[in-house]
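Written out below as structure tokens is the structure these notes cover.
None of the values given here were measured: they were computed from a predicted structure. When reading the values below, keep in mind they use all heavy atoms of this one structure, side chains included, and skip hydrogens, waters and symmetry mates.
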Amino acid sequence: MTFNVAFFPLRFEFTAREPICFPPAQAANTLRGALGVILKRIACNYAEVFEPTSDGEGPSGLADSPRPFVFRARHLDGQTIQSGQSFHFDLNVFSLDRDVLSGFVKTFAALAHEGLGPGRGKADLESVRRLAAGSLPEEALSAVTEPGSLDLAPLDSAPRKIRVEFLTPTELKHDHRIAARPEFPILFARIRDRVATLRRLYGEGPLDIDFQGSGLRAATVRMTRCEVHRVEATRRSTRTGQIHSLGGFVGIAEYEGDLAEFLPYLEAARWTGVGRQSVWGKGEISLTALQLPDLRLPSIDIPPPAHS
């Protein structure tokens, strides 16, 4: 039985031929919107990649199936790339279908040629690389490039205390509402469900795990610090003209407990994102260990000193 999640962590590298402007807090959304327009025109698998619908088998919190990709582009927020400058963004792809990969490469090459950002500045796609993930090193993407793989098995030893930083706006649903705080059982459940659904739909199949039991065990992990605040951002749909919120909380939370079972999922969430609208770059997290495992050495019987 495999107990992992496989994916392609890709970096697309460009050189600007004209100035390219990425609006504040909008880089990933700008790229996602442009991706949809071009992909619909040139790819036959547009619906599978960009507008998947629920098959009714996933977690109840997922009304629609998650898209098989996640943008990582917050470093471009509010930036203007000048002519001749290089820039990049990352795209984590959870489909193992090679046609999907080639479709992304063709789409972003065409998108760069037609122009990026509000001013439609043109660029050249220079390279596409698979970033290092799991045990695989970084390498140029080719027809034989293997996906990265993240092991989800419980760790032999783990820190007792961790800090999670919510780098981009995050929204976690619980009991059909948006949670005000990232309590650990809620955070873990949303990560577990997202990872399991991505793997079932686009990867190697369902995860054979005890969903209910893992949730009960997650409830024993305590939040010891929470410093999050809500930020607001919006986007306008070019297709419908509607305004959609891109807001959520950012900040840090610290947790303490037996984390050996949960840390592999938190590590996977660095790549998958967590919560609503993760495809737009929301729900990006980072992890820091704050306390090493309690490594108890075996007791040793020391004989008393011999009497002379």
Side-chain angles (χ1 to χ4, degrees), residues 7 9-10 22-37 39-40 46-54 58-78 89-95 104 164-182 186-199 201-202 228-251 253 265-266 268-286:
F7 70 112
L10 304 181
F22 292 98
Q26 293 283 335
N29 181 61
T30 297
L31 293 167
R32 184 210 63 86
L35 166 66
V37 172
L39 188 69
K40 190 171 187 177
Y46 168 84
E48 171 192 347
V49 173
F50 209 76
E51 294 182 350
T53 56
S54 175
S60 58
L62 296 175
D64 291 314
S65 296
R67 296 171 178 86
F69 62 92
V70 166
F71 278 102
R72 288 288 177 260
R74 61 187 171 86
H75 62 286
L76 295 175
D77 286 342
F89 61 81
D90 297 341
L91 188 77
N92 300 329
V93 180
F94 301 96
S95 173
F104 278 126
V164 176
E165 183 173 3
F166 299 91
L167 301 170
T168 58
T170 303
E171 291 185 308
L172 305 176
K173 291 193 71 173
H174 178 64
D175 288 340
H176 308 290
R177 298 190 299 271
I178 301 298
R181 287 159 43 100
I186 299 174
L187 176 64
F188 169 69
R190 299 292 75 77
I191 292 173
R192 176 203 60 201
D193 292 351
R194 178 165 170 76
V195 169
T197 303
L198 287 169
R199 190 184 190 278
L201 293 176
Y202 306 111
V228 299
H229 63 278
R230 186 170 178 87
V231 296
E232 297 296 342
T234 59
R235 73 176 185 94
R236 179 185 292 274
S237 171
T238 56
R239 184 170 60 87
T240 67
Q242 291 182 319
I243 302 295
H244 300 277
S245 172
L246 292 177
F249 62 76
V250 296
Y265 286 88
L266 291 167
R270 290 181 52 236
W271 305 92
T272 66
V274 59
R276 299 182 66 244
Q277 302 168 332
S278 298
V279 68
W280 294 330
K282 291 179 62 174
E284 182 180 357
I285 68 171
S286 67

Would you mind reporting whether [Y] and [X] have side-chain heavy atoms less than 4.5 Å apart?
{"X": "V250", "Y": "H229", "result": "yes"}
{"X": "L198", "Y": "P66", "result": "yes"}
{"X": "R276", "Y": "R190", "result": "no"}
{"X": "R72", "Y": "L91", "result": "no"}
{"X": "L172", "Y": "V274", "result": "yes"}
{"X": "S95", "Y": "V49", "result": "no"}

Check [X] against [Y] and note the closest heavy-atom contact, atom names and distance.
{"X": "A27", "Y": "L76", "answer": "CB-CB, 3.8 Å"}
{"X": "G247", "Y": "P169", "answer": "C-CB, 3.7 Å"}
{"X": "F249", "Y": "A179", "answer": "CE2-O, 4.3 Å"}
{"X": "L35", "Y": "F71", "answer": "CD2-CZ, 3.9 Å"}
{"X": "G273", "Y": "S278", "answer": "C-OG, 3.9 Å"}

Hey, what do you get for [atom1] ([X]) to [atom2] ([Y]), rounding to the nearest 0.5 Å?
{"X": "E284", "Y": "E165", "atom1": "CD", "atom2": "CD", "result": "9.5 Å"}
{"X": "R181", "Y": "L187", "atom1": "CZ", "atom2": "CG", "result": "12.5 Å"}
{"X": "F22", "Y": "H75", "atom1": "CZ", "atom2": "NE2", "result": "8.0 Å"}
{"X": "I186", "Y": "D175", "atom1": "CD1", "atom2": "CG", "result": "7.5 Å"}
{"X": "Q26", "Y": "R32", "atom1": "CD", "atom2": "CZ", "result": "10.5 Å"}

| field | F89 vs L31, side-chain contact (heavy atoms from CB on, under 4.5 Å): CA-CA, chis, key distance, verdict | value | CA-CA 9 Å; F89 61 81; L31 293 167; 3.7 Å; yes
| message | Could you work out, with ring-ring contact (aromatic ring centres under 6.0 Å, His included) as the rule, every residue matching F7, not counting sequence neighbours? | response |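 With sequence neighbours excluded, F7 shows a ring-ring contact (aromatic ring centres under 6.0 Å, His included) to F94, W271, given in chain and number order.
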| query | Do you know which of N92, I285, V195 makes side chain to side chain contact (heavy atoms under 4.5 Å, CB included) with T272? | reply |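 Output: one option passes, namely V195.
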| field | Non-neighbouring partners of D77 that pass salt bridge (Lys or Arg N to Asp or Glu O under 4.0 Å), sequence neighbours left out | value |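 Counting only residues at least two positions away or on another chain, D77 forms no salt bridge (Lys or Arg N to Asp or Glu O under 4.0 Å).
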| Residues which pass salt bridge (Lys or Arg N to Asp or Glu O under 4.0 Å) with R270, listed by chain and number, not counting sequence neighbours |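 Salt bridge (Lys or Arg N to Asp or Glu O under 4.0 Å) list for R270, sorted by chain: E267.
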| said: Quick one: does any side-chain atom of T170 pair with a main-chain N or O of T168 as donor and acceptor, under 3.5 Å? | reply: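 Yes, the answer is positive, given that a donor and an acceptor are paired below the 3.5 Å cut-off.
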| request: Output yes when a side-chain donor or acceptor of T197 lies under 3.5 Å from a complementary backbone atom of R194, and no otherwise. | output: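 Side chain of T197 to backbone of R194: no pair is present.
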| said: Any carboxylate oxygen within less than 4.0 angstrom of a Lys/Arg side-chain nitrogen, looking at R230 and E232? | reply: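 So R230 pairs with E232 through a salt bridge.
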